[in-house]
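Shown next, in structure tokens, is the structure this report addresses.
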Protein chains: 4
Amino acid sequence: MKRSEEKKKQKRNALLKSAYELFTTIGYHKTTIMAIALKAGVAKGTFYLYFKDKEDIRDALIVAKSSQILRSALDAMNQSGQSLPPVEKLIFLVDYIIDVLARDIALLRFVSKNLSWSLFINSGRYHQSDEDALDFRAFLVEMLETDGVPVTREMELTIFTIIELINSTCYSVILNGEPVTLSEYKPFLYDRIRLLFAHQ
Amino acid sequence: MKRSEEKKKQKRNALLKSAYELFTTIGYHKTTIMAIALKAGVAKGTFYLYFKDKEDIRDALIVAKSSQILRSALDAMNQSGQSLPPVEKLIFLVDYIIDVLARDIALLRFVSKNLSWSLFINSGRYHQSDEDALDFRAFLVEMLETDGVPVTREMELTIFTIIELINSTCYSVILNGEPVTLSEYKPFLYDRIRLLFAHQ
Amino acid sequence: MKRSEEKKKQKRNALLKSAYELFTTIGYHKTTIMAIALKAGVAKGTFYLYFKDKEDIRDALIVAKSSQILRSALDAMNQSGQSLPPVEKLIFLVDYIIDVLARDIALLRFVSKNLSWSLFINSGRYHQSDEDALDFRAFLVEMLETDGVPVTREMELTIFTIIELINSTCYSVILNGEPVTLSEYKPFLYDRIRLLFAHQ
Amino acid sequence: MKRSEEKKKQKRNALLKSAYELFTTIGYHKTTIMAIALKAGVAKGTFYLYFKDKEDIRDALIVAKSSQILRSALDAMNQSGQSLPPVEKLIFLVDYIIDVLARDIALLRFVSKNLSWSLFINSGRYHQSDEDALDFRAFLVEMLETDGVPVTREMELTIFTIIELINSTCYSVILNGEPVTLSEYKPFLYDRIRLLFAHQ
DNA sequence: TATGAATGAGATTTCATTCAT
DNA sequence: AATGAATGAAATCTCATTCAT
């Protein structure tokens, strides 16, 4: 990579970083392009050399952040969850991701308010041309098949259902602590995942 | 009620209606107070006699719309679902609401993007002093107890989980038709509800 | 006076009082008709039954407040300054008024910012039809003549000069304490008044 | 100075000029930002790149105009009043300034209604960081000392008193022509200044 | 590439005043 | 006489976007 290309990458990252900080602290709509540029240490006009508008940088952020979470979950599983049975592998991933989000509520809020999980599901709709994107569902399907679990139509629905369930319940529980705390809810949730999974 | 009070009520409703139409067609952020007032046939300043700002009218709409849906579901059940067993009553309500939303996607989008369901769940947090508000969870709990189903802690979690499940899956399915159509998904979903419900 | 007329007088006074309090605390331009009416315990529309607009009530206030100060000064002199020589009578009045204003800075600010003293001087320009108004200059001239001091053209200019001098220096000194404190400045000022007065 | 900086200076001046013309013709409160910008030939938003709000541009104007007057008075004295005795130098300045204001009543009104003279007196309170500002009092003190007149505490009070006297009497006399015309009042006033000055 | 001055549409909000009740 | 809902002009200010340098 050339020097100039590196610089461009750096500037792009600086803009992404500053946008993320502003979005998660003062909110998307109250964040101005001016503020993003200022915080990133570039001029207002420069922003437009890297992103089309505010929506554009938000979408780029969603992809980047979501993929980042997922990738770290997969890394963790590769290190210490290789020998688990299929359902437990799924639960391992889920548990990892929940913990990440519980520790970083700004991230949870950002990722969850911004359709995030559907990124994992709606393969490719938002990540055309984005090298960083990952497809959670595709990965799960592959993982199950590798472990010898046939992925029937019904199994696909189960996976979809489970993912949605996790997303919305965790959002409520982590953010509001209602109707239970996360540590109370986790065993209950994982039990239900096993139940739904078993019931094919 | 006096003449003037009636008129005020009418004007308030006209504003709500016009705001709803604009929010669901051109979107919340692109809707201006000016446009709401104009469409409602009142002056811009008049808006501020009834609502504090755009957020205020949106919140009022969420409460009104959510309660409206729920109320019609309850009416329907009182008419034709009285003799069903508890789980089937729940499924009846859910089915009714899903059908309402599937027929009115603008409504689904509005209600779902705007925390809506949490209205049913977070008893009273948003409906202080709002005569129109209803509490879905409280209603379910009462219904179950009337039918002799003891509402244990675990049962509460199950209800919470089921509501969240319905909300998020339907949102995806109705809006995107992914990964299945609604008519395909419904039997699967109701089956899982029965499973979760039975598994106490 | 009839009952209804008394009531009207009372309402007018309530409006004046509340306007004065608002003008002196939050300022003339930031004070709204609405606020004046509210504080006076009447409806917004009622304001317009008593005053033409905000300027109208301000002018009425200036006349009322200025006359009130002057009247109390004259009363005090009638009680304990009757036997003083002419210049000392003038100084007595001045001293009395300065003390009143120094004790009530809101009043000083209001009266001084609103041409006030010119009320005393520009005989009648603002108090057409106002029963409460008093004319300071006319009074001084009469007082001097009664005491046998011929009021020549030059004497008129002296009086004018002295009044203006008092007004502007006191405004600065009381409000800012600059360049001296009031108690330091008073003897100096009175000495100069005697000087100017003597030098005919 | 760069091209762009020159342009900025020009635009700032255009805004100041147009604001001054509007303030002095239609009045401060009736003048809108929009009108100022329009008259200056720039867009509404551009105003906000140069001034915070209407108060900000007014304050800048007061400083600029006051200093301008004073500076021209000093220039005139340096040219033709160098050899006068101290009091006469003061009177020279005063006479010059009075003539300027008498010729430009809008300026008098603007400068006088807007604390102006206190600018000369309250050394530096309003002109922090303003390159244009001048300090009348400081200048007088220096002038007197240069001429061998010791500036005692009492002399300072005399200067203060004289300045205030000039300010308020001229305001009345020039504006209203009451109780005398300016040409009548001037000799009287200067005589009194000499009197006050002599009487240490 | 980068800058940042300039733009100007447009958003929100206030409030004096009117007028039907 | 009193009310207060309604008006709508007008004011302030923001900010995405462009473009000359």
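Worth saying up front: this structure is predicted, and the values here are computed from it rather than measured.
The side-chain tip of A:Lys11 does not point at the ring of A:Tyr50 from less than 6.0 angstrom away and within 45° of straight on. Relative to the six-membered ring of B:Phe110, B:Lys65 misses at least one condition, a distance below 6.0 Å or an angle of at most 45° to the axis. Geometric assessment of C:Arg58 against the ring of C:Phe23 yields a negative cation-pi assignment under the 6.0 Å and 45° thresholds.
Atom CZ in B:Phe51 sits roughly 14 Å away from atom P in E:dT13 (whole-Å rounding). Regarding B:Arg12, its CZ atom lies at a distance of 13 Å from the P atom of F:dA6, rounded to whole Å. Regarding D:Phe47, its CZ atom lies at a distance of 10 Å from the C1' atom of F:dT12, rounded to whole Å. Summarising the geometry, the separation between NZ on D:Lys11 and C1' on F:dA20 is reported as 12 Å, rounded to the nearest angstrom. In this entry the distance linking CD of D:Gln10 with P of E:dA6 reads 11 Å, nearest Å. When rounded to the nearest whole Å, the span between NE2 of B:His29 and P of E:dG10 equals 18 Å. Rounded to an integer number of Å, the gap from D:Glu6 CD to F:dA20 P is 20 Å. Rounded to whole angstrom, the span from the CD1 atom of A:Ile57 across to the C1' atom of F:dA16 amounts to 14 Å.
Contact of the A:Tyr48 side chain with the A:Ile33 side chain is registered, since non-hydrogen atoms from C-beta on lie closer than 4.5 Å. Residues B:Ile69 and B:Leu107 are in side-chain contact: their nearest non-hydrogen atoms beyond the backbone lie under 4.5 Å apart. Using a 4.5 Å heavy-atom threshold, the side chains of A:Phe51 and A:Leu15 count as touching. The side-chain heavy atoms of C:Tyr28 and C:Glu55, taken from C-beta on, include a pair separated by under 4.5 Å.
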Taking Watson-Crick and G-U wobble contacts under 3.5 angstrom, with | marking pairs to another strand and [ ] crossing pairs, the secondary structure of DNA chain F is written .||||||||||||||||||||

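At distances below 3.5 Å, at least one donor-acceptor pair connects side-chain atoms of B:Ser66 with backbone N or O atoms of B:Ile62. Looking at C:Thr24, its side chain does come within 3.5 Å of a backbone N or O of C:Glu21 through a donor-acceptor pair. Although no hydrogens or angles enter the test, the distance criterion places no donor-acceptor pair under 3.5 Å between the side chain of C:Ser18 and the main chain of C:Lys39.
Within the model, atoms CG of A:Asp59 and NZ of A:Lys52 stand 9.5 Å from one another, a figure rounded to the nearest 0.5 Å.
Looking at which nucleotide of DNA chain F each of C:Tyr50 and D:Asp53 is closest to, the 5′-most match is held by C:Tyr50. Between B:Lys52 and A:Ala43, it is A:Ala43 whose nearest contact on DNA chain E lies nearer the 5' terminus.
Dense packing is recorded around NZ of A:Lys54, with more than 12 heavy atoms of other residues, nucleotides or ligands lying under 6.0 Å away.
Checked against F:dT7, F:dT3, E:dT7, the side chain of D:Thr46 finds its nearest nucleotide in E:dT7.
Taking a 4.0 Å limit (strictly below) on heavy-atom distances, residues 32-41 of chain D does not reach DNA chain E anywhere. For the segment residues 18-26 of chain C, no residue has any heavy atom less than 4.0 angstrom from an atom of DNA chain F.
Neither OP1 nor OP2 of F:dT3 sits under 4.0 Å from any side-chain N or O of C:Lys44. Taking 4.0 angstrom as the limit, B:Tyr48 places none of its side-chain polar atoms (N or O) nearer than this to OP1 or OP2 of F:dA6. Neither OP1 nor OP2 of F:dA5 sits under 4.0 Å from any side-chain N or O of B:Lys7.
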